[in-house]
Amino acid sequence: MYDYDLLVVGSANADLVIGVERRPGAGETVLGTDLAVHPGGKGANQAVAAARLGARTALLARVGDDAYGRLLLDSQRAAGVDTVGVLVGGAPTGVALITVDPSGDNSIVVSPGANGRLTPADVRAAASLFQASRVVSTQLEIPLGTVAEVVRDLADGSRFVLNPSPPQPLPADILAACDPLIVNEHEARVILGDAAVGDSPEDWARILLAKGPRSVVVTLGAEGALVASAEGVARVPSVAVDAVDTTGAGDAFTAALAWRLGAGATLAEAAAYAARVGAAAVTREGAQESFPTAAEVEAL
């Protein structure tokens with residue numbers, strides 16, 4: 001019996017957002033709107049999204065001993081995430097400085113802070129969490145060496161899900177553990193590198209599979225997703241909604257898919273549910289505050 005449906009190992013950031021009429025040039029100062037501070041980071045987002053859906057969720061992350069760290073811990077606990085694995089101290093909490101212009105385009109500078117200090121030793125020290133978790137999900141806003149240690153510490157019978165964001169080339173041992181590897185078009189192209197990627201998501205998925213993952217999911221935004229495994233390749237439709245803000249939708253998709261896989265769904269079934277969760281998330285502004293409950297997903 002597992003204590004957790006999902007263990008998320010990853011980043012936790014404070015998102016500092018300012019609206020501007022235009023982004024400043026070199027040496028220029030512009031005035032902006034009032035500062036808005038939101039809990040974010042791909043790891044923290046995934047944990048909140050899963051817990052909102054009803055998954056028993058734990059987070060392994062590192063935050064600073066500061067106000068932003070307390071904000072992030074509070075948001076996790078409010079969603080029902082077990083924060084026993086959240087380490088405090090060692091560096092300031094990670095921060096994303098975001099400016100948004102009237103068209104919705106944004107510029108982001110990230111200071112990884114404590115996220116960059118989540119080490120392989122921290123992963124090894126959390127062995128009890130890994131033994132208690134049915135599925136483990138992570139991303140690349142923490143050091144790649146730490147992700148590699150996650151793969152080495154997986155419990156027998158648990159499942160590993162990776163969204164390689166921000167993307168970078170992956171070593172063979174990490175690729176081989178992915179079940180699935182979840183990518184969008186940009187992430188697929190970075191990981192494939194010089195490989196001839198073709199023009200269709202089906203091409204990307206097949207070439208990615210050949211690199212070692214046990215399964216692959218390609219997210220296609222409003223067009224849904226594509227799933228690929230040894231059983232074949234299939235498209236999964238999304239739900240038509242009026243999108244308001246796509247921030248965090250990919251994190252909600254990944255969390256939902258990981259949870260449903262652990263509950264016994266097939267890859268296609270889990271992706272179809274995750275597409276509905278992602279669709280629900282884009283109908284509200286923000287990241288964590290936009291993530292739906294299971295009841296809201298069913299109401300779509």
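The figures that follow rest on heavy atoms only: side chains count, while hydrogens, waters and symmetry mates do not. Everything quoted here is computed from the prediction, not taken from an experiment.
Shown here are the side-chain hydrogen bond (donor to acceptor under 3.5 Å, both in side chains) partners of Asn163, two or more places apart in sequence or in another chain: Glu187. Qualifying side chain to side chain contact (heavy atoms under 4.5 Å, CB included) partners for Ala281, counting only residues two or more places apart in sequence or in other chains: Ala252, Ser290, Phe291, Pro292. Partners of Pro237 according to the side chain to side chain contact (heavy atoms under 4.5 Å, CB included) rule, which considers only residues two or more places apart in sequence or in another chain, do not exist here. Residues passing the salt bridge (charged side-chain N to carboxylate O under 4.0 Å, His left out) test with Glu202, sequence neighbours excluded: Arg235. By the salt bridge (charged side-chain N to carboxylate O under 4.0 Å, His left out) test, Asp74 is found to be paired with no residue, residues two or more places apart in sequence or in another chain being considered. Looking at residues two or more places apart in sequence or on another chain, you find no side chain to side chain contact (heavy atoms under 4.5 Å, CB included) involving Leu31. Every residue meeting the side chain to side chain contact (heavy atoms under 4.5 Å, CB included) condition with Thr83, not counting sequence neighbours, appears here in chain and number order: Leu73, Gln76, Arg77, Val86. By the side-chain hydrogen bond (donor to acceptor under 3.5 Å, both in side chains) test, Ser229 is found to be paired with Glu231, residues two or more places apart in sequence or in another chain being considered. Not a single salt bridge (charged side-chain N to carboxylate O under 4.0 Å, His left out) links Asp153 to another residue, sequence neighbours left out.
Contact check for Leu208 versus Ile191: side-chain heavy atoms found under the 4.5 Å cut-off. Using a 4.5 Å heavy-atom cutoff, the side chains of Val109 and Thr99 are not in contact. When side chains are defined from C-beta on, Ile142 does not count as touching Gln139, because their heavy atoms never get closer than 4.5 Å. Taking 4.5 Å as the limit, every side-chain heavy atom of Leu7 sits out of range of all side-chain heavy atoms of Arg134.
Using modelled atom types, no side-chain atom of Thr93 and backbone atom of Tyr68 make a donor-acceptor pair closer than 3.5 Å. For Ser133 (side chain) and Phe130 (main-chain N/O), no donor-acceptor pair under 3.5 Å exists by modelled atom type. Side-chain N or O atoms of Arg62 include one that pairs as donor or acceptor with a backbone N or O of Gly89 at under 3.5 Å. Side-chain atoms of Thr138 come within 3.5 Å of backbone atoms of Val9 as a donor-acceptor pair (strictly under, hydrogens ignored). Remark: the backbone N or O of Ala49 is not paired with any side-chain donor or acceptor of Asp251 at under 3.5 angstrom. Arg276 places no side-chain N or O within 3.5 Å of a backbone atom of Ala272 that could act as its donor or acceptor partner.
Following chains of ILVMFWY side-chain contacts shorter than 4.5 Å, one cannot reach Val161 starting from Leu154, and the two form parts of different hydrophobic clusters. By the criterion of side-chain heavy atoms lying less than 4.5 angstrom apart, applied directly or through intervening Ile, Leu, Val, Met, Phe, Trp or Tyr residues, Tyr273 is not grouped with Leu6; the two fall into different hydrophobic clusters. Residues Leu35 and Ile98 are members of separate hydrophobic clusters, defined by side-chain heavy-atom contacts under 4.5 angstrom among Ile, Leu, Val, Met, Phe, Trp and Tyr. Criterion: ILVMFWY side-chain heavy atoms under 4.5 Å apart, direct or through other members. Under it, Val190 and Leu162 are not part of a common hydrophobic cluster. Cluster membership for Leu170 and Phe160, using ILVMFWY side-chain heavy atoms within less than 4.5 angstrom, is shared.
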Under 3.5 Å, which donor-acceptor pairs link side chains of residues 213-227 to any protein atom two or more places apart or in another chain?
| unit_1 | atom_1 | unit_2 | atom_2 | d |
| --- | --- | --- | --- | --- |
| Arg214 | NE | Ala176 | O | 3.4 |
| Ser215 | OG | Asp179 | OD1 | 2.7 |
| Thr219 | OG1 | Val183 | O | 3.4 |

Donor-acceptor pairs under 3.5 angstrom involving side-chain atoms of residues 293-300: please list them, not counting sequence neighbours.
| unit_1 | atom_1 | unit_2 | atom_2 | d |
| --- | --- | --- | --- | --- |
| Thr293 | OG1 | Glu296 | N | 3.3 |
| Glu296 | OE1 | Arg284 | NH2 | 3.4 |
| Glu296 | OE1 | Thr293 | N | 2.9 |

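For residues 12-21, the side-chain hydrogen bond (donor to acceptor under 3.5 Å, both in side chains) pairs, not counting sequence neighbours, are Asn13-Asn115.
By the 4.0 Å N-to-carboxylate-O rule, Arg260 lies too far from Glu269 to be salt-bridged with it.
A distance of 12.0 Å separates CG of Asp5 from CG of Leu261, quoted to the nearest 0.5 Å. Note that CZ of Arg56 and CH2 of Trp259 are 10.5 Å apart. Values are rounded to the nearest 0.5 Å. Distance check: Asp82 CG to Leu60 CG gives 11.5 Å after rounding to the nearest 0.5 Å.
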